[in-house]
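Written below as structure tokens is the structure these notes are about.
Hydrogens, waters and symmetry mates are skipped; everything else that's a heavy atom, side chains included, is used.
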Amino acid sequence: MATPSTIQLHGWDFISTQVPYVRRYRDSVVFVAMNRGDSVTVEAVDTELPDGEHTEVLSRRKFEVKDGMLYNLELGDREVMIFSRVGERVKGKTIVRAQLNSVKSQPGERIVVVGDCPELGNWDISKAYPLEYINTNTWFGEIPFNESAGKLISYKYALLREGRSPLRENLVCRRWVLASEGTVKWRDKWVSGRES
């Protein structure tokens, strides 16, 4: 049988039978610790959770997080622990759930939505609304609209790259009449140009 290898992830030196995982969306975070082997105590692990008491989802046990860390975390044989913190919901007259697919981005690059309304920066890319990276094919964001709710808006996506000028979609713009209240979803695909 092969000897498990030691890996460092989230400040945790662990053997390959123990796996920590953190997923964030805006100010929400989920931390998962999986142990695929015998019982183990992990001295310290970075959870990215806010400090304070947290309830483990499966067992309902209470744990204290200090400086984003769980200390002396005991994982039983083949045990999984899940910690979740749901952040504040986006508030606005109209909420647009913008989903962008088919964009080829690299680590460190960001996608923003820029448009002709205050919520999207009035075409000023430095004030555009940022999307969150979901996976290699998807970016997503919940955009609150107040001043522009119920109005026709124009928008497009842009890729922000460190040390280079932004790359905008290769189209004039997209147009949408926003609902005056409620939630709508944009499901868009990146429109490539020569540089994409």
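Counting heavy atoms from C-beta on, the side chains of Glu88 and Asp27 come closer than 4.5 Å. Using a 4.5 Å heavy-atom threshold, the side chains of Val40 and Asn35 count as touching. Counting heavy atoms from C-beta on, the side chains of Ser180 and Phe145 never come closer than 4.5 Å. Contact annotation: the side chain of Leu159 approaches that of Ser105 to within less than 4.5 Å [non-hydrogen atoms, C-beta and beyond]. Side-chain contact check for Met34 versus Val32: some heavy-atom pair is nearer than 4.5 Å. Residues Val22 and Val29 meet the side-chain proximity criterion, which asks for heavy atoms closer than 4.5 Å. By the 4.5 Å heavy-atom criterion applied to side chains, Tyr25 and Glu142 are counted as neighbours. With contacts defined as side-chain heavy-atom distances shorter than 4.5 Å, the pair Met81/Ser59 does not qualify.
Using modelled atom types, one finds a donor on one side chain and an acceptor on the other under 3.5 Å when comparing Ser154 with Arg175. Side chain to side chain, Ser148 and Glu119 meet the donor-acceptor criterion of an N or O pair below 3.5 Å. With no hydrogens or angles considered, no side-chain donor-acceptor pair links Asn170 and Ser192 at under 3.5 Å. No side-chain N or O of Asn72 forms a donor-acceptor pair with one of Glu74 less than 3.5 Å apart. When only modelled atom types and interatomic distance are considered, Arg26 and Ser28 share no side-chain donor-acceptor pair under 3.5 Å.
One finds the CZ atom of Arg110 at 11.0 Å from the CD atom of Glu132 (value rounded to the nearest 0.5 Å). Annotation: the span from Cys173 atom SG to Asp116 atom CG amounts to 7.0 Å, rounded to 0.5 Å. The NE2 atom of His54 sits 8.0 Å away from atom CG of Leu70, with the distance rounded to the nearest 0.5 Å. Here the CD-NZ distance, from Glu56 to Lys62, works out to 11.0 Å after rounding to the nearest 0.5 Å. One distance of note links CG of Leu120 with CD1 of Ile125; it measures 11.5 Å at 0.5 Å rounding. To the nearest 0.5 angstrom, Ile134 atom CD1 is 7.0 Å from Phe140 atom CZ.
No donor-acceptor pair under 3.5 Å is formed between the side chain of Asp38 and the backbone N or O of Asp77. For Arg24 (side chain) and Glu48 (main-chain N/O), a donor-acceptor pair under 3.5 Å exists by modelled atom type. In this structure, the side chain of Asn137 does not engage the main chain of Asn101 through any donor-acceptor pair within 3.5 Å.
Hydrophobic clustering (ILVMFWY, side-chain heavy atoms < 4.5 Å, transitive): Leu167 and Tyr133 are in one cluster. Criterion: ILVMFWY side-chain heavy atoms under 4.5 Å apart, direct or through other members. Under it, Leu178 and Val113 are part of a common hydrophobic cluster. No continuous path of ILVMFWY side-chain contacts below 4.5 Å connects Val112 to Val103, so the two sit in separate hydrophobic clusters.
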Q) Stepwise, does the ring-ring contact (aromatic ring centres under 6.0 Å, His included) test hold for Tyr157 with Trp139? A) CA-CA 11 Å; Tyr157 298 94; Trp139 288 77; over 10 Å; no

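Between Arg61 and Glu79, at least one side-chain nitrogen of the basic residue sits less than 4.0 Å from a carboxylate oxygen of the acidic one, meeting the salt-bridge criterion. With respect to the salt-bridge test (charged N to carboxylate O, under 4.0 angstrom), the residues Glu169 and Lys156 do not qualify.
Relative orientation of the Phe31 and Phe83 rings is tilted, given thresholds of 30° and 60° on the angle between their planes.
Atom CD of Glu162 has 12 or fewer neighbouring heavy atoms from other residues, nucleotides or ligands inside a 6.0 Å radius. No more than 12 heavy-atom neighbours from other residues, nucleotides or ligands sit within 6.0 angstrom of CZ on Arg78. Lys189 NZ: 12 or fewer foreign heavy atoms inside a 6.0 Å radius.
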